[in-house]
Amino acid sequence: MEKIEIRKVLHHDCELLHRLAVETFVESYGSVNAEANMQGYLNQNYSVEQLKLELKHPFSEFYFAYLNQEAVGFLKINFNEAQTKTQDKPSIEIERIYVLKKFQGKQIGQLLFNKAIEIGKEQHAKYLWLGVWEKNERAIRFYQKNGLLPYGKHIFKLGDEEQLDILMKVAVTSFSNPIESKKSD
């Protein structure tokens, strides 16, 4: 029986976060982007030093997904001024949500997404938003399945290449509270 747990990433987890972040990003985009652009992006955004800074930020949080005690995915969320684009307050941004390819299809991404919604409710966020690469059809379908709708676009720089991200959002209140639902049954 497989056991999936979501745990907050702590400062001492930085090396594990680094390895998982690099591996999932390369799995997701390495075959469709220039190697120099990938390496530059990884060096700038996924270095141990950069991740340590992000872990210290008071308005950013990371969470690991563990399957049978193995870290197989992660989530990064941002609040307030940590968000990558200025948003109406209160909102929450999913900046990163990645699962190792060999573990996709096991509802791990869904559990990470659900964690973001749970935190959004705790923070009294009006909506959750994110940017997703226009060519990442699998992720777009996943977010649409979860009720996110496109509301804009922005440029994402990967090395010397500009890519188009679709901005999507959903009202946090559109998700029922499972605990409240059980009480009313």
* Asked: Is a donor on one side and an acceptor on the other found under 3.5 Å between the side chain of N136 and the backbone of V132?
  -> no

* Compare every heavy atom of I6 with every heavy atom of Y63, then report the nearest pair and how far apart it is. => CB-CG2, 3.9 Å

* Short side-chain to backbone donor-acceptor contact, N37 and D160, under 3.5 Å -> yes

* Report yes or no: do N114 and Q110 form a side-chain donor-acceptor pair below 3.5 Å? => yes

* Asked: Any salt bridge between K101 and E27, counting N to O under 4.0 Å?
  -> no

* Taking everything shown except E137 itself, do over 12 heavy atoms lie less than 6.0 Å from its CD? -> no

* Cation-pi between R96 and F74: NZ/CZ under 6.0 Å from ring centre and within 45° of the ring axis? -> no

* Asked: Are any side-chain N or O atoms of S60 and backbone N or O atoms of H57, one a donor and one an acceptor, separated by less than 3.5 Å?
  -> no

* **Short side-chain to backbone donor-acceptor contact, H154 and G131, under 3.5 Å** => no

* Going by atom types alone, do Q69 and E5 pair a side-chain donor with an acceptor below 3.5 Å? -> yes

* Asked: Please walk me through it: do F156 and E162 pass side chain to side chain contact (heavy atoms under 4.5 Å, CB included)?
  -> CA-CA 6 Å; F156 177 83; E162 290 187 349; over 6 Å; no

* Asked: Hey, does the side chain of Q44 reach the backbone of Y41 with a donor-acceptor pair shorter than 3.5 angstrom?
  -> no

* Asked: Would I92 and W129 count as a side chain to side chain contact (heavy atoms under 4.5 Å, CB included) if you check the C-alpha gap in whole Å, the side-chain angles of each, and the deciding distance to 0.1 Å?
  -> CA-CA 6 Å; I92 183 172; W129 72 276; over 6 Å; no

* Distance-only, no hydrogens or angles: does the K121 side chain make a donor-acceptor pair with backbone N or O of F175 under 3.5 Å? -> yes

* Asked: Counting only heavy atoms not in K157, do more than 12 fall under 6.0 Å of its NZ?
  -> yes

* Asked: If you look at every heavy atom in Y46 and A21, which pair is closest and at what distance?
  -> CE1-O, 3.5 Å

* Asked: Should we count NZ of K145 as having more than 12 external heavy atoms under 6.0 Å?
  -> yes

* Y143, F25, Y29 screened by ring-ring contact (aromatic ring centres under 6.0 Å, His included) with W133, the one that passes -> Y29

* Counting only N and O atoms by type, is there a donor-acceptor contact under 3.5 Å from the side chain of N33 to the main-chain atoms of M38? -> no

* **Qualifying residue for side chain to side chain donor-acceptor pair (under 3.5 Å) with N78, from E93, E54, E61** => E93

* **Chi angles and distances behind the side chain to side chain donor-acceptor pair (under 3.5 Å) call for E95, T84** => CA-CA 8 Å; E95 183 179 349; T84 58; 5.9 Å; no

